Amino acid sequence: MYVCGPTVDNSPHLGHGRLAIVFDLLRRHLERRGVEVVMVQNITDVDDKIIDRARRSGMSPVEVAREFEAAWFSALDRLGILRPTKSPRATEWISQMIGMIVEMIDSGSAYRISDGVYLSVDRVEGYPRLSRQDREELLAGARVEVLEEKRSPLDFALWKLVGAEEYGFESPWGWGRPGWHTECVAMSLGLLGEGFDLHGGGMDLVFPHHENEWAQASVLGKRFCRHWMHNGLVEMGGEKMSKSIGNTMSLTEALDRYGARPLRLAYLRAQYRSPLEMGEPVLEESERALERIDDFIRRAQGAEPAVPTPKIEEFATALDDDLDTPRAFAVLFEAVRAGNIALDTGESERARYLADSVAGMLGWVGIGTERLVLSDEVKDLVTRRERAKAERDYATADQIRSHLGEMGYLLKDTRDGPVISRA
Ligand SMILES: [Zn+2]
């Protein structure tokens, strides 16, 4: 699969996190189902936004791009996203892009004008195909900012000529930079070959980016991807997240405030194609939901080990159906509910079996269970407190509990004994 990656001009925000989570989910699910996955995700490291930022900050475009590429990987590592098999940078594929553009000019599908090279959409069968828009309407909208020399207002740049003092690359048409839509065609076909299985990205990439990628592959006579998959966008306060409205949150900030697991759960509870509201209430609700799951697993841990294999097939089957995470998580929460009832009615073996199942489901989608590794000091404090309680020395017991609190641990007494978690 080829998934369009970030333009590295800024730190990743919550919208980028969703893209990463959705395709990480698809990859993990396919791998669990025995499918070998090769995932390519590009890094767009040449772009006007990167160059603007470089100009403002006194850095070079390459320095800006490397800094935010590192920020991208570090945020995604924290979120628990598997690294792509390959992460090619656009700037490392310039010669392949030039080769493609030469071919498109030679076949009469692309042409050179004063400011660059353009693809002639009239040469593309059925354009626009992917976004299924009305061509006349598109034309009407595009005429406003039309460049006289373009054959059609819908024609898009494959190569943009820039001044010699600007960041750019040598080409047969002069110093310039590639158009954004060209890099993904070069890298996807170059690394995965014709007719690769799946091309993914955010819903906002359908037009023009993916439409125009497909247009290039088609005039090159190449079979492109067999499937397209697009994830819905993230909203905050009921509106699409955007810098102009100011309703964005950086992924790092969200990770600092909530941690990776509640964040992953919040992303996954919506089906990947629907819009997703990601404000504070959603993240706090996700924190509470995860607490319920963790509490149950902790309570069941002392129970008899389960004999049968944990039941995760129902969960996985829901994911087989276009990654139906709402249905999958309904199965999970039902298991938590049934497991808590089993604990309350003393069916400890069944509780343990359900806890193992829930842990298996979480693991399937990369959330993982919280396993606390306790220091000897903490274990000793818990033992001393149990002893104090047995001796009815409640003052000491309370003192130890608040001491544990100061150390960042929450201690709860349950019918199965003391349960400790991160406060
Ligand atoms: Zn792309």
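In each ligand, atom 1 is the first atom listed, and ligand 1 is the first ligand listed. Computed from a prediction, not measured in an experiment: that's the story for all the values here. Residues take their numbers from the sequence shown, with the count starting at 1.
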The Zn ion (ligand 1) to Glu213: nearest N/O/S atom name: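 Closest to the Zn ion (ligand 1) among those atoms: OE2.
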
Whether Tyr2 and His199 hold their rings parallel, tilted or perpendicular, with breakpoints at 30° and 60°: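 Answer is perpendicular, since the angle exceeds 60°.
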
Metal proximity, His209 vs the Zn ion (ligand 1), N/O/S cut-off 2.8 Å: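 A backbone or side-chain N, O or S atom of His209 is under 2.8 Å from the Zn ion (ligand 1).
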
Metal check, the Zn ion (ligand 1) vs His181 N/O/S, cut-off below 2.8 Å: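 Here the distance criterion (N, O or S atom, under 2.8 Å) is not met by His181, so no.
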
Cys4 SG and Cys184 SG subtending at the Zn ion (ligand 1) (10° steps):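 Approximately 130° at the metal, rounded to tens of degrees.
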
Cation-pi geometry met for Arg151 and Tyr111 (6.0 Å, 45°):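 Checked: cation-pi criterion met.
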
Geometric cation-pi criterion Arg129 and Trp214, 6.0 Å radius, 45° cone: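 That pair qualifies as a cation-pi contact.
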
Within 6.0 Å of CD in Glu69, more than 12 heavy atoms from elsewhere: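 Count over threshold, so yes.
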
